[in-house]
Amino acid sequence: MTNVLRRMPIYVLLLILVAAFLIPVYLVITTSLKTPEEINLLEVWRLPATINITSFQEAFGTLLPYLINSLMVTIPATIISAMLGSVNGYVLSKWRFPGSNIIFPLMLFGMFIPYQSILIPLFQTLKSLNLYGGLGGLTLAHVVYGLPITTLIFRNYYAEVPTEMIEAGQIDGADFFGIYRDILFPLSIPGFVVVIIWQFTQIWNEYLFAVTLTNTESWPITVELSQLGAGQAINYSVQMAGAFLTALPTLIVYIFLGRYFIRGLLAGSVKG
Amino acid sequence: MVRMTKDRWTAVAMITPSIILLGIFVYGFIAQTAWTSLTNWGTPGGAASLAEHPVIDFVGLKNYQDLFTGFNPRFRLDLVNEVFFTALFLAACLGLGLLMAILLDQKVRGESLFRTVFLFPMALSFVVTGTIWRWLFAPNGGLNVLPSSIVNAFSPNSPISPLPFEWFTSKSKLLTMHWHDVLTIVGVAILLFMFAVASTYWFKRRNLTVIFVVVLSSLAGVFIIGGNNIPSFVANEVHGLNVAIISIVIAATWQMSGYTMAIYLAGLRGIPDELREAARVDGATEFQVYRYVILPLLQPITLSAAIILGHISLKIFDLVYVMAGDGNLQVDVPGVNMYLTAFRANNFALGSAIAMIMLLLVAVIIVPYLYTSLRGEKHA
Amino acid sequence: MQSSKRILSVVIALALSFVALAGRSTVNAQDTKLSGKLEIMSWWVGDEAPALKALTDLFAKQYPDIKLTNSGVAGGSGIAAQAVLKTRMLGGTPPDTFQVHAGQELIGSWVAADRMEPLDDLFKGEGWDKKFPQGLIDLLSSKGHIWSVPVNIHRANVLWYIPANLKKWGVDVPKTWDEFFKTADALKAKGVTAIAIGPSWTQVHLFETVLLSTLGPDDYVGLWQGKVKFTDDRVKAAFTTYGKILDYANKDMDSLGDWVPAAQLLVDGKAAFQVMGDWEAGWFKAVKKMEPTTGFGWSAAPGTDGSFDMLSDSFGLPKGAPDRDNTIAWLKLLGSVAGQDAFNPLKGSIPARIDADVTNTKLYNAYSQSAAVEWAKDKIVPSLWHGAAAPDSFKNDFVTVLQVFAAQRDADAAVAASQGLADLSGIGK
């Protein structure tokens, strides 16, 4: 009995925290289900009188072209940066050559820099390559700046593969590509899952590149969402519905594949 | 020296494209931004930034001077905001994350459900978070009417009034001081840091330490002596902790504390039960077990998390921009300022200067972190 | 006999070619065979869209084969749209034409960067040099060339209110800021916010009218020409007055999205007055369905009666516009009486052309007609926030000065900072 009493405070505290974390979710869902007339700053917390999906329909209609833009950038950029990261991780974890020790930290630094410090030259370079304003330039930016984290994740992942396996392969006559193709790549699926989920989330959610490097037609969904809030008469229910729809893809990924998401999350910080 | 086999050359060849790309897109671009920050491209009266072939001149450190001692106080306000924001955000995230991790470490039922709830904000974009919390922090609604709404739902017409918080529209300042004092404090802080580090390394690597001392003393000198030579209207500028940034801290902590919880939880799980048992057998209470055994073991995690969170907070842009807009000086941060300066006011040179300062601040914490953690790996 | 026949045929040939040439120029002026596309960029989306639609509908009627698109983005006073425009221009894909405020906003940026085509021939060809007030043409010009076609004139120094509410509260419309403060105290006792303000740019908008009231029109113009300094006592007085006004304003101004939520406070009876440009009249009428004088009322912003703080929306011709001929057709429509009379009634602005049909009550409501009367007789001064008086660099930094002042209320520091910024931006040079 004392055990239950002793543990009560723990559960109470946890439930309070859960409520605190879910308050914004409640707000988003109830506001997006209300009709615009129902929305009143003073009655924000009231449940909607009826379930009204017109805001979702309107938000979806407005956001759809930009959602497609986001998909057209995120999917290619994720796949390409994952593949390159895998090869890089393989090289850096299994192959020694002059300078291999210094290359990894130099690459890793790229993950931490504020993108503001490269934004102006990036925008100038994309301009001169005629990639400015469109989805191609944005995709290129995400591929390049995604290389450090994907390389990091794969390098740590492949470092776990015992060198004996590699040596066994070499004895059997496998070369650089053979080792990758026959030994490492089949083992890489969990690594790819983590990288793909992590990159998908990061690129989908990104804003600075999205808002600086694209024309109106090429805006990703995050930019259009920020525009829903601008303008002169704000329709709060559409805005909340829009926020929900923007968050939906990454939330779905997180809910079903959260384990891998967390692994990507911890990749940069906890060693081993 | 490593013998280069054919396979090793292949390895080099396979990684070279990434090296070249990052060499250009990271280091090359940083160098270019540094160069631009030393020119007059886009400054009023300077080269027209929108022209096809502007005539750009080198002006040395003028842009930096402008930021720290010029007529426009915005950057100085941003820096002070940034310092306070980072301090509060770190304290809140680490504290709340640790609390949640400790709670979940107690073998509670439904742990994975709790974990899912605490971590889901990490999957959101800062734009989504900013949009939601902007609505929550509306001074005439949102959170301010939550308590009264709840009470009114049960007993209507009760006299509970809405909370009076102004959130991010607040204009109050705490801990006010003048810019002159800020510069002095920074200078003194640099000197203290220098003494602390130098005293540890003085006997181990003298030459390196001497260089370190010289560099940091001159830097501190710039701040302290420079602080005495600025125009009076700048020196007397009032700076302080803007109460408004507390709302940004709350939104950011909601988003990121799941991350600290996750790594603390991993760390707690990594502590062998025998250690805790041994402490309990020695007569320690649960609280003492935490304080003397577990928390010290979590220090490396705290440091690691602080650095990751710190570098995110130093470059924060989208959360503030979407939540509070572009003209709210009480919550302005360098990340927002850089975007507006470079891409709205077209002042590429000044924007580059702001970006370089941001980079420097991030480098100061990241470079030592990378150095020590990778060196540790080599020795392991 | 042969030679006279020959002379006759030459004369006839000459006459015919003369007719053909003359006819060709008139055919070009209404060449309904123009086709293709036309991309305009305007921030008149959302609530301000009906007026633009009237123009685009008229254009579609005249040129049914041209597909017109507007790639503009919303945001009061065009901040977001300007950012988008920039990405397009710098990316080498300019739109065919874009909305821009007449004056320094265009001249200080795109004209200075040599990216616009001068429109002198267009103005002469259409005879516009006589159809727009000279003061306006001066603002549109620099280096001896004209750079944009003005569609409308808006007045910035207008005070709005709901007459029924004022009657209910028993207060009058203040003519000076001193009167305003007395009225504000009375309103405060009734729990009503005296003045509604929005976020950042609306605060500069309010401030410039206060500045106009302390300096008077001539010295206000002199300020932007460098003849009067910011360190003048009257500028300091403007800051002090502005600080007092803030104390009677809605505390949540920084969390409002734009000027519309502040205007909504008037309609909801929560606030009494708002200083805003006369696009608010368009909003009252088109969106809120309120009639001038009966539903909503207006007067000159306190202390500025007799001055017309003007801003003008205009369109220019960027170099490299993909559909140049279609663009010129559009510009011609904008500057025509038909275009201006289609657009302005819905926008709540008045035509820039002096020969437009302003006395036609079917088109122009009571507000616009009173504004047109003021336009003809008041002293015309350029707006600061809306791109007429000062270049963008000054304007953007001034927001900071005003915000710092709002927090610290140090008028001396504010005027010193303003003067410093003015010097940097080259005001008056």
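Labels below follow one simple rule: chain letters A, B, ... track the order of the sequence lines, proteins then strands, and each chain is numbered from 1.
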- Under 4.5 Å heavy-atom distance to chain A, tell me which part of B:F118 shows up: side chain, backbone, both or neither. both
- Message: Given 3.5 Å as the limit, does a donor-acceptor pair link the side chain of B:R8 with the main chain of A:R96, or not?
- Response: yes
- Give, as side chain, backbone, both or neither, the part of A:V143 having an atom under 4.5 angstrom from any heavy atom of chain B. neither
- Message: With a 3.5 Å distance limit and no angle check, can you tell me whether A:Y254 reaches the backbone of B:M122 through a side-chain donor-acceptor pair?
- Response: no
- Using the side-chain contact (heavy atoms from CB on, under 4.5 Å) rule, take A:I118 and B:L359 through it: C-alpha gap first, then chi angles, then the decisive distance, then the call. CA-CA 10 Å; A:I118 48 89; B:L359 179 65; over 6 Å; no
- Item | Distance in Å, A:L27 CG paired with B:L146 CG, rounded so as to fall on 0.5 Å steps | 9.5 Å
- Using non-hydrogen atoms only, which part of B:A11 is less than 4.5 Å away from chain A: side chain, backbone, both, or neither? both
- Item | For chain A, the option from B:L119, B:L113, B:T131, B:I150 that forms the most heavy-atom pairs under 4.5 Å | B:L119
- Most contacts with chain B, counted as non-hydrogen pairs under 4.5 angstrom, among A:L119, A:T31, A:T222, A:L14: A:L14
- Drop me the distance from A:R7's CZ to B:L103's CG, to the nearest 0.5 angstrom. 10.5 Å
- Message: Given 3.5 Å as the limit, does a donor-acceptor pair link the side chain of B:T10 with the main chain of A:F176, or not?
- Response: no
- Nearest heavy-atom pair of B:K315 and A:P114: which atoms, and what distance? CD-CA, 3.5 Å
- Message: I'd like to know if the side chain of B:S149 reaches the main chain of A:W45, judged simply by a donor and an acceptor atom lying under 3.5 Å from each other, with no hydrogens or angles considered.
- Response: no
- Message: Can you tell me which portion of A:L140 sits under 4.5 Å from chain B's heavy atoms? Options are side chain, backbone, both or neither.
- Response: side chain
- Query: Where does the angle between the aromatic ring planes of A:F112 and B:H311 fall among parallel (under 30°), tilted (30 to 60°) and perpendicular (over 60°)?
  - Reply: perpendicular
- Note on the structure: The reported gap from OG in A:S117 to CD1 in B:I357 (rounded to nearest 0.5 angstrom) is 12.5 Å
- Query: What option among A:T151, A:I255, A:L106 has the most heavy-atom pairs under 4.5 Å with chain B?
  - Reply: A:L106
- Where on B:S148 is there a heavy atom nearer than 4.5 Å to chain A: the side chain, the backbone, both, or neither? neither
- Task: Please report the closest heavy-atom contact between B:D7 and A:A174, naming both atoms and the distance.
- Result: OD2-O, 4.3 Å
- Query: Which residue out of A:L15, A:I103, A:T246, A:V253 racks up the most heavy-atom pairs below 4.5 Å with chain B?
  - Reply: A:I103
- Message: Between B:W133 and chain A, with a heavy-atom cut-off of 4.5 Å, which part of the residue counts as in contact: side chain, backbone, both or neither?
- Response: side chain
- Counting heavy-atom pairs under 4.5 angstrom with chain B, the leader among A:G110, A:A247, A:P24, A:A243 is A:P24
- Item | A:Y145 (side chain) donor-acceptor with B:V26 (main chain) under 3.5 angstrom | no
- Item | Side-chain donor/acceptor of B:Y371 to backbone N/O of A:P105, under 3.5 Å | no
- Message: With a 4.5 angstrom heavy-atom cut-off, is it the side chain or the backbone of B:P121 that approaches chain A, or both, or neither?
- Response: side chain
- So which of A:Y90, A:F244, A:F177 has the biggest tally of heavy-atom pairs under 4.5 Å with chain B? A:F177
- CD1 of B:I15 to CE of A:M107, rounded to nearest 0.5 Å, is 5.0 Å
- Tabulate, in ascending numerical order, the residues of residues 197-206 of chain A having at least one heavy atom closer than 4.5 Å to a heavy atom of chain B, or enter 'none'. A:T201, A:N205
- Message: Let's go through A:Y207 and B:Y339 carefully: what are the C-alpha distance in whole Å and the side-chain angles of both, what is the deciding distance for side-chain contact (heavy atoms from CB on, under 4.5 Å) to 0.1 Å, and is it a yes or a no?
- Response: CA-CA 12 Å; A:Y207 185 71; B:Y339 173 74; over 6 Å; no
- Item | Selection from B:L314, B:I366, B:D318 maximising heavy-atom pairs under 4.5 Å formed with chain A | B:I366
- Straight-line distance of A:L108 CG to B:Y369 OH, nearest 0.5 Å: 9.0 Å
- Task: Sort B:V362 into side chain, backbone, both or neither according to what part of it lies under 4.5 angstrom from a heavy atom of chain A.
- Result: side chain
- Heavy-atom distances under 4.5 Å only: say whether B:L21 touches chain A with side chain, backbone, both or neither. both
- Query: Is the number of heavy atoms from other residues, nucleotides or ligands under 6.0 Å of A:Y26 OH greater than 12?
  - Reply: yes
- Message: Before you tell me yes or no, could you show the steps for B:Y321 and A:V211 under side-chain contact (heavy atoms from CB on, under 4.5 Å), namely the whole-Å CA-CA distance, both residues' side-chain angles and the distance that decides it to 0.1 Å?
- Response: CA-CA 12 Å; B:Y321 186 65; A:V211 81; 5.6 Å; no
- Item | Contacting region of A:V144 [heavy-atom separation from chain B under 4.5 Å] | both
- Between B:W254 and A:F21, is there a donor-acceptor pair closer than 3.5 Å when you use the side chain of the first and the backbone of the second? yes
- Compare every heavy atom of B:A355 with every heavy atom of A:Q116, then report the nearest pair and how far apart it is. O-CB, 3.4 Å
- Take B:I132 and A:V25 through the side-chain contact (heavy atoms from CB on, under 4.5 Å) test and state the conclusion after the steps. CA-CA 9 Å; B:I132 300 175; A:V25 176; over 6 Å; no
- Query: With chain A, which of B:V12, B:I102, B:I307, B:T36 has the greatest number of heavy-atom pairs at distances under 4.5 Å?
  - Reply: B:V12
- Message: Which atoms of B:M338 are under 4.5 Å from chain A, going by heavy atoms: the side chain, the backbone, both sets, or neither?
- Response: side chain
- Side chain from CB out, backbone as N, CA, C, O: work out which of these in B:F120 comes under 4.5 Å of a heavy atom of chain A, or both, or neither. both
- Specify the closest pair of heavy atoms between A:T250 and B:A123, including all atoms of both residues, with the distance to one decimal. OG1-O, 3.0 Å
- Item | chain A contact via B:V322 - side chain, backbone, both or neither, heavy atoms under 4.5 Å | side chain
- How many angstroms lie between CE in B:M358 and OH in A:Y115, if you round to the nearest 0.5 Å? 12.5 Å
- Shortest non-hydrogen contact from B:R109 to A:Y11? N-OH, 2.9 Å
- Message: With chain B as the partner, which of A:I120, A:I10, A:L84, A:T212 has the greatest number of non-hydrogen pairs under 4.5 Å?
- Response: A:I120
- Query: Where do A:V18 and B:F114 come nearest, in terms of heavy atoms and distance?
  - Reply: CG2-CD2, 3.4 Å
- The interface call for B:I30 against chain A, heavy-atom contacts under 4.5 Å, is both
- Kindly indicate whether the side chain of A:F109, heavy atoms from C-beta on, has any atom under 4.5 Å from the side chain of B:Y27. yes
